[in-house]
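Along the sequence shown, residues are numbered consecutively beginning with 1. First listed ligand is number 1; within each ligand, the first listed atom is number 1.
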Amino acid sequence: MKLAVVYSRACLGIEAPLVIVETHISAGLPGFTIVGLPETAVKESKDRVRSAILNSQFEFPTRRITVNLAPADLPKEGSRFDLPIALGILAASDQLPVQPLQEYEFAGELALSGELRAIQGVLPLALGSRKANRILMIPTQNAAEAVLPGDNRVLAINHLLEVHAHLTQQKLLSNYQAPIQSTAILTESEMDLAEIRGQMHAKRTLEIAAAGGHSLLMVGPPGTGKTMLANRLPSIMPPLSREEILEVIAIHSLIFTHTNTLIWGKRPFRAPHHTASATALVGGGRHPKPGEISLAHHGILFLDELPEFDRKVLEVLREPLESGTILISRATRQTQFPASFQLIAAMNPCPCGYLGDPKGNCRCTSEQIKRYCMRVSGPLLDRIDLQIEVPALSTENLSFTPNIQEETSIMVLERVKQAIEKQYQRSFKLNARLNNYDIQKYCSLKPADQNFIKNAIDKLNLSARSYHRILRVARTIADLMNSNSIETEHIIEALSYKKFLHT
Ligand SMILES: Nc1ncnc2c1ncn2[C@@H]1O[C@H](COP(=O)(O)OP(=O)(O)O)[C@@H](O)[C@H]1O
Ligand SMILES: [Mg+2]
Ligand SMILES: [Zn+2]
């Protein structure tokens with residue numbers, strides 16, 4: 001009898017490909033079939049759509065209803081298609097005009113009452129409908145995220161009746177306007193580097209990590225401030241750019257329905273527990289979802305108690321550490337998620353934690369210590385640019401001394417920003433991302449210094465990869481000192497950020 005076409009979008013990695021919802025109502029025995037949704041989702045969706053239509057005082061057609069979600073081979077998880085299906089039924093049964101539907105895209109879960117509920121993955125959806133030049137109708141709780149692209153049209157809805165009233169021109173909805181946001185919240189709520197007493201060496205390393213995007217491993221007994229240091233890294237990093245914010249929110253929106261905390265441009269800081277599964281860490285599942293490494297995109301992944309993580313899980317980190325993306329392979333398809341994160345890790349020097357403690361409380365055997373350290377593989381360590389010890393402080397060092405003024409995060413951030421600027425002017429990327437070719441081009445050394453590094457690598461029994469790692473770090477140290485050339489002093493300092501776990 002009649003065919004209605006409604007546009008919506010699916011979720012594929014951080015893409016949102018178009019889904020066409022076709023509804024056909026024909027004579028014959030009453031029935032309601034949905035084609036193109038997975039079996040389990042169909043039944044629940046049918047129940048919600050039917051109740052929402054009836055409870056909104058519309059008629060649920062007692063004829064043959066066939067709904068087809070095309071293309072067939074897209075993964076169509078979730079309840080976001082409730083609204084487009086309900087609208088298709090209303091249009092195919094003459095309770096809504098068919099024509100105006102073409103200007104819109106719809107997504108939203110329906111409650112049995114006809115009210116709309118928030119969904120996940122809204123920003124990719126909004127970017128897709130903007131590109132297609134259609135107006136997006138979305139549950140009100142999702143609207144703030146949907147308008148992030150800035151130049152798209154979004155209508156926020158609370159109930160199926162509102163959608164009907166708008167499309168029949170009885171009561172028009174106006175474009176959703178984002179609430180005014182203040183960026184002041186970012187600086188106020190942040191933890192400051194000045195709260196950490198002493199640990200000058202560790203703070204200097206943190207500054208280098210922030211300036212060059214380098215990964216960092218801190219080794220030291222419990223209670224020396226390793227977690228404090230890691231938590232304060234975002235405070236000495238520049239806020240996200242607008243483009244970065246959109247990328248980060250697109251990923252977070254696949255997991256959370258509310259991504260408001262990210263809107264202030266704060267860098268993500270993810271600290272998964274060491275019991276986290278491989279899927280939780282790198283992503284996956286039947287409908288692949290991003291893991292912690294993708295949630296940490298453009299931000300920090302903090303792995304506390306590094307040797308306690310499953311070794312297999314740690315090995316998976318190697319590839320994204322180099323490429324900045326993760327490819328999740330399933331039998332049917334591959335999904336790629338961005339995962340350009342900065343790895344910060346912490347660990348104890350031995351199983352009991354107190355190796356090297358001045359009070360000498362460690363009772364671990366050398367065999368136990370070796371086994372403990374070996375849980376972090378050589379190839380992973382090779383990808384960690386900065387490796388330092390964070391030793392125990394004496395009690396007088398820890399107690400407050402009014403004449404010692406610790407540097408605040410803002411003071412450090414100024415130097416970091418200057419160094420980042422220098423890197424982007426030279427190579428359009430952070431030093432941690434320099435490949436072997438870049439290193440040849442941008443990290444040239446005086447002949448005497450070349451020999452100096454080679455000797456050091458021989459003497460210290462370092463891997464071939466270490467050579468490049470030392471050069472990258474030396475480049476960042478030079479940038480922090482606003483020096484165009486890499487000098488001997490920069491190399492000497494770079495060589496000091498090396499805790500020899502495996503020797
Ligand atoms: N250098 C420091 N300056 C100030 N407080 C510190 C310092 N080191 C440790 N602390 C105190 O000890 C607590 C534990 O520190 P934490 O960072 O969790 O240590 P770790 O991660 O090395 O075990 C902190 O909450 C803080 O109160
Ligand atoms: Mg800790
Ligand atoms: Zn010990």
(request) Using only heavy-atom distances, determine whether the side chains of Ser483 and His490 contain a donor-acceptor pair under 3.5 Å. (result) no

(message) Is there a polar contact, in the sense of an N or O pair closer than 3.5 Å, between Asp304 and ligand 1?
(response) no

(message) Given a threshold of 2.8 Å, state how many protein N/O/S atoms are nearer than that to the Zn ion (ligand 3).
(response) 4

(message) Just to verify, which of Arg472, His468, Lys429, Arg433 counts as forming a side chain to side chain donor-acceptor pair (under 3.5 Å) with Asp438?
(response) Lys429

(request) Return yes or no for this condition: an N or O of Gly225 is under 3.5 Å from an N or O of ligand 1. (result) yes

(message) Using a 3.5 Å cut-off on N or O atoms only, is Arg197 in polar contact with ligand 1?
(response) yes

(request) Verify whether one side chain among Thr224 and Gln199 offers a donor that lies under 3.5 Å from an acceptor in the other. (result) no

(request) Could you tell me whether the side chain of Glu305 reaches within less than 4.5 Å of the side chain of Asn348, counting heavy atoms only? (result) yes

(message) Checking side-chain polar atoms at under 3.5 Å, does Ser45 have a donor or acceptor matched by the opposite partner on Asp82?
(response) yes

(request) Taking both backbone and side-chain atoms into account, decide whether Met228 has an N/O/S atom under 2.8 Å from the Mg ion (ligand 2). (result) no

(message) Check this for me, if you would: do Arg475 and Asp479 make a salt bridge, where the nitrogen-to-carboxylate-oxygen distance has to be below 4.0 angstrom?
(response) yes

(request) Classify the side-chain pair Asp449/Thr488 by whether it contains a donor and acceptor separated by less than 3.5 Å. (result) yes

(request) Would you please classify the geometry between the Phe309 ring and the His274 ring as parallel, tilted or perpendicular, with 30° and 60° separating the classes? (result) perpendicular

(message) Only heavy atoms of Pro222, strictly under 4.0 Å: list the atoms of ligand 1 that pass.
(response) 23 (O)

(message) Just to verify, what does His273 make a side-chain hydrogen bond (donor to acceptor under 3.5 Å, both in side chains) with, not counting sequence neighbours?
(response) Thr275

(request) Going by heavy-atom distance to atom 24 (C) of ligand 1, choose the closest among Met228, Glu195, Lys203. (result) Met228

(message) If you measure every N or O of Gly223 against every N or O of ligand 1, does any of those distances drop under 3.5 Å?
(response) yes

